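Right, one structure below, let's go through it.
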Number of protein chains: 4
Amino acid sequence: MAAQSAGVSTSGKRERILAAAEMCFAEAGFFGAKIADIANAAGVADGTIYLYFRNKDDLLISWFEWRMEEVVARLAAAVADAAGSAETKLTAFVRAYLTLTSENPAAAEVLTVELRQSSKFIKEYKNPRFADFLKLLSGVIEEGQKRGELSRAVPPAHAARIIFGALDELARSWLLGGGQKFDIVRAADWVVSMTLSGLVQQKRSTP
Amino acid sequence: MAAQSAGVSTSGKRERILAAAEMCFAEAGFFGAKIADIANAAGVADGTIYLYFRNKDDLLISWFEWRMEEVVARLAAAVADAAGSAETKLTAFVRAYLTLTSENPAAAEVLTVELRQSSKFIKEYKNPRFADFLKLLSGVIEEGQKRGELSRAVPPAHAARIIFGALDELARSWLLGGGQKFDIVRAADWVVSMTLSGLVQQKRSTP
Amino acid sequence: MAAQSAGVSTSGKRERILAAAEMCFAEAGFFGAKIADIANAAGVADGTIYLYFRNKDDLLISWFEWRMEEVVARLAAAVADAAGSAETKLTAFVRAYLTLTSENPAAAEVLTVELRQSSKFIKEYKNPRFADFLKLLSGVIEEGQKRGELSRAVPPAHAARIIFGALDELARSWLLGGGQKFDIVRAADWVVSMTLSGLVQQKRSTP
Amino acid sequence: MAAQSAGVSTSGKRERILAAAEMCFAEAGFFGAKIADIANAAGVADGTIYLYFRNKDDLLISWFEWRMEEVVARLAAAVADAAGSAETKLTAFVRAYLTLTSENPAAAEVLTVELRQSSKFIKEYKNPRFADFLKLLSGVIEEGQKRGELSRAVPPAHAARIIFGALDELARSWLLGGGQKFDIVRAADWVVSMTLSGLVQQKRSTP
DNA sequence: GATGAATGAGGGTTCATTCAT
DNA sequence: TATGAATGAACCCTCATTCAT
């Protein structure tokens, strides 16, 4: 009772529904996934979903909040663990992001494909978790710029967007290939290489 | 009269429908846009749409082919005009892409948001125009690598994905801000800077 | 409560829908009857029909099964009650059939008119209940032939078809006349007379 | 011009449309056959059909008139040729009817299945050709009764209905079997046998 | 809380019919 | 006459949401 009043169901139904939604959204897309499918996958009645979520939109938003909280936490931990230069931290971030993708492709599928979709989520919904995500990334960049490790050519917020875009697209192409065509975790090095050193053949300072 | 005898309506109804679809998809999303809305915007009857397109899915796919053909042509032209190094060509590509985005935000909105939506379009539909798009970009990179202008650290196909992801994300954030927050065309330089030279403060070879 | 736990709605919605469908099909024909009409007549929402039937076709097939089960049972009972010769049994069958017609003209209308409509019902649907119906009739004939009561001039299956055709056509002409022009139950004697003794003026064997 | 003003197209388009309609109705049913299909089969434009027929209903009615005129004429000729007793004439009628069925299964299909269907044609349309058909049959019976050749047990109009019903049902079952299961023309003898002599084992007058 | 039968608005699609050429 | 592109009313069916139990 005490636990329930805190908004945490003792039976974990909310989580089961969110996990079921993740699966269904990944498989069929937000519009293709039916509430009945999700309820069935979660082992609850259709109506039960409405005890935990206002409506289908709210379910997607709630899923996003739920999943992103974990993602941001793990990325933040990875960054924190990577003591040292901005380069090291960015590398840790990128690797952690693509590792998460490979570990939970269903979640990645929804994040990468479904979440862009509707004006409901990108236009009206402020998306605080995604803002946290970008802030984590841009924070590392900003710090690196302040410390003189990174070029100031690109404003941190945009640099973060660019890196996220690169990661996201790489994740998407990996997911579409069924995870077969290349090693997504090793692909992290490509993103690191391109966004840190660039494609141009460097004429590094000679000793 | 003579023109009509070719069996192709001179009234350009197909194009009007495609343009109306672009507008409606951009505004409401694929699932949110109603056939009736599109017909109304195109100034035709609902049924007329089905004289030109098999169904709503086919309308989106057809729109994609129609729009991407132009996009790829313009990007190819921009690349062709940019004689010289791979660096110059990539810069031209990126600028042209973001210029197109700024010139036709509705089209960009659909491309960037709606096209990711899985089932019919990324999973089932092979998307030959998008493949052309990526091929154009990876071709420039591959050539640059062969000429020794670009590093071989990243395979051309993945480098192209990374650049596209960066561009796409930048375009999306610009579109979501209503085109107000920053100059998307000038943002091209950020993408160029990051993907060619990288973020790391270069210690260029000094004489 | 206890009854409901069986998973079968005690409110008899399925039967109400079938009865409403019977009425609407009789009045407007299968294609003319709208799902909304049937739902309205049954006092349920449109969507409710789809909880009990896959689609409109399934509704007609289900109606047929539902109604024919009763018809065959009653005809079988009539035949069973008519102990004695094949002649007696056939007479009982014919009278029972036309009595049913007069008692439920709507059902007869649908059976006689709508069910012939080809595609879904006679060509694809195997119609097991109608097969039962014919089997009952041909069984009586076959038995009569074996016992030497009936001529072997016509194979039982075809004789059954011929009798059914006669009954069906008589029912149809009665239904089209609004049941006013003649007494359908007494018309049974005509069918009996013709199919058992024939039209030809019999020169019965004289002692 | 003179010929056309008489309502007879010199190019025979009306007939081509009627023949095409027959084929399409037989294949797909009245509701399943599309005007576009019929126009295509007739080698005319959709709109052309409306130069010859008021609407789709009128097309079916017109087809019926067109086809029944021929059927009645041929049956009348068969009856006329069969000089002699009512028995002979009825036999000729039945054989001619089933011969027509076997010669033109498509027409038979429409007559037997589609024409019953809609209230448009049985309830509102007076169906004068079908009345002619029944009149021909009942006329033979009436005459036979007057001449004492046939029993007066069944009123001629109803006897005609019964024979037609038998024929129609036999035709339908033959058509549904794709004309493979039995010889429809030889089946004529069954109808003759049953409706003239009946099923009951006759104890014919002994010499 | 939990259920799931019931709801009914909504929309994609069809196709008989029209009419400008 | 003939055409066939265009029309738009009509309708089956889906599915998010509700609510009596």
Side-chain angles (χ1 to χ4, degrees), chain A residues 1 4 9-11 13 31-40 43-59, chain B residues 1 4-5 7-11 13-14 31-40 43-59, chain C residues 1 4-5 7-11 13-14 31-40 43-59, chain D residues 1 4 9-11 13 31-40 43-59:
Chain A
M1 286 286 246
Q4 282 187 333
S9 163
T10 48
S11 55
K13 247 170 217 181
F31 290 100
K34 290 172 253 168
I35 289 290
D37 295 340
I38 296 170
N40 187 55
V44 299
D46 294 19
T48 303
I49 290 181
Y50 292 85
L51 298 174
Y52 294 91
F53 306 95
R54 249 195 323 284
N55 50 36
K56 199 183 177 190
D57 287 358
D58 184 45
L59 178 53
Chain B
M1 287 285 240
Q4 281 187 331
S5 65
V8 176
S9 163
T10 49
S11 53
K13 239 163 229 183
R14 197 184 129 95
F31 290 102
K34 287 167 265 169
I35 288 291
D37 295 340
I38 297 170
N40 189 54
V44 300
D46 293 20
T48 303
I49 289 180
Y50 293 87
L51 295 177
Y52 295 90
F53 307 96
R54 248 191 324 285
N55 52 35
K56 202 184 176 190
D57 285 358
D58 184 46
L59 177 53
Chain C
M1 286 285 238
Q4 281 187 331
S5 65
V8 176
S9 164
T10 49
S11 53
K13 240 163 229 182
R14 198 185 128 95
F31 290 102
K34 285 166 266 169
I35 288 291
D37 294 340
I38 296 169
N40 189 55
V44 299
D46 294 21
T48 303
I49 290 182
Y50 293 87
L51 294 177
Y52 295 89
F53 306 96
R54 250 192 322 286
N55 52 36
K56 202 184 175 188
D57 286 357
D58 184 45
L59 178 53
Chain D
M1 284 286 246
Q4 282 185 332
S9 163
T10 49
S11 53
K13 245 169 220 182
F31 289 100
K34 289 171 255 166
I35 289 289
D37 294 340
I38 297 170
N40 187 55
V44 301
D46 294 19
T48 304
I49 289 180
Y50 291 85
L51 298 174
Y52 294 90
F53 306 96
R54 247 193 327 284
N55 51 37
K56 200 183 175 189
D57 287 357
D58 184 45
L59 177 54

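Not measured: the values here are computed from a predicted model. Letters A, B, ... are given to chains in the order of the sequence lines, protein chains preceding strands, and every chain is numbered from 1. Worth knowing before you read on, the calculation uses all heavy atoms, side chains too, and leaves out hydrogens, waters and symmetry mates.
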Of all the nucleotides listed (dT7(F), dT13(E), dC13(F)), which has the minimum atom distance to the side chain of Asn55(B)?
dT13(E)

Measure from the side chain of Lys13(A), starting at C-beta and using heavy atoms only, and say which of dA2(E), dT18(F), dA6(E) lies closest.
dA2(E)

With nearest nucleotide decided by heavy atoms, which residue, Gly43(B) or Ala33(C), maps closer to the 5′ end of DNA chain F?
Gly43(B)

Can you find a heavy atom in the side chain of Asp37(D) that is under 4.5 Å from one in the side chain of Asn40(D)?
no

Figure out the [atom1]/[atom2] separation between [X] and [N], and round it to whole Å.
| X | N | atom1 | atom2 | answer |
| --- | --- | --- | --- | --- |
| Leu51(A) | dG4(E) | CG | C1' | 12 Å |
| Asp58(A) | dA16(F) | CG | C1' | 14 Å |
| Ile49(A) | dC19(F) | CD1 | P | 18 Å |
| Arg54(B) | dG12(E) | CZ | C1' | 15 Å |
| Phe31(C) | dC15(E) | CZ | C1' | 14 Å |
| Tyr50(B) | dA16(E) | OH | C1' | 18 Å |
| Ile38(A) | dG4(E) | CD1 | C1' | 16 Å |
| Asn40(D) | dA16(E) | CG | P | 14 Å |

Taking all non-hydrogen atoms of both residues into account, name the closest pair between Phe31(C) and Lys56(C) and its distance.
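Result for this residue pair: O-NZ, 3.7 Å.
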
Which atom names give the shortest non-hydrogen contact between Ala39(D) and Asp46(D), and what distance separates them?
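Heavy-atom minimum between the residues: CB-OD1, 3.5 Å.
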
Pairing of DNA chain F as dot-bracket, 5' to 3': ( ) intra-strand, [ ] crossing, | other strand, . unpaired, with Watson-Crick or G-U pairs under 3.5 Å?
.||||||||||||||||||||

Please determine if a side-chain N or O atom of Tyr52(B) lies less than 4.0 Å away from the OP1 or OP2 oxygen of dA5(F).
no

Measuring from Tyr50(C):OH to Asp58(C):CG, what's the distance to the nearest 0.5 Å?
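It comes to 10.5 Å.
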
Apply the side chain to side chain contact (heavy atoms under 4.5 Å, CB included) test between Phe53(B) and each candidate in Ile35(B), Leu59(B), Ile38(B), Thr48(B); give the one that qualifies.
Leu59(B)

Scan nucleotides 8-11 of chain F against the protein and return all N/O pairs shorter than 3.5 Å with their distances rounded to 0.1 Å.
from, atom 1, to, atom 2, distance (Å)
dG8(F), N7, Gly47(B), N, 3.3

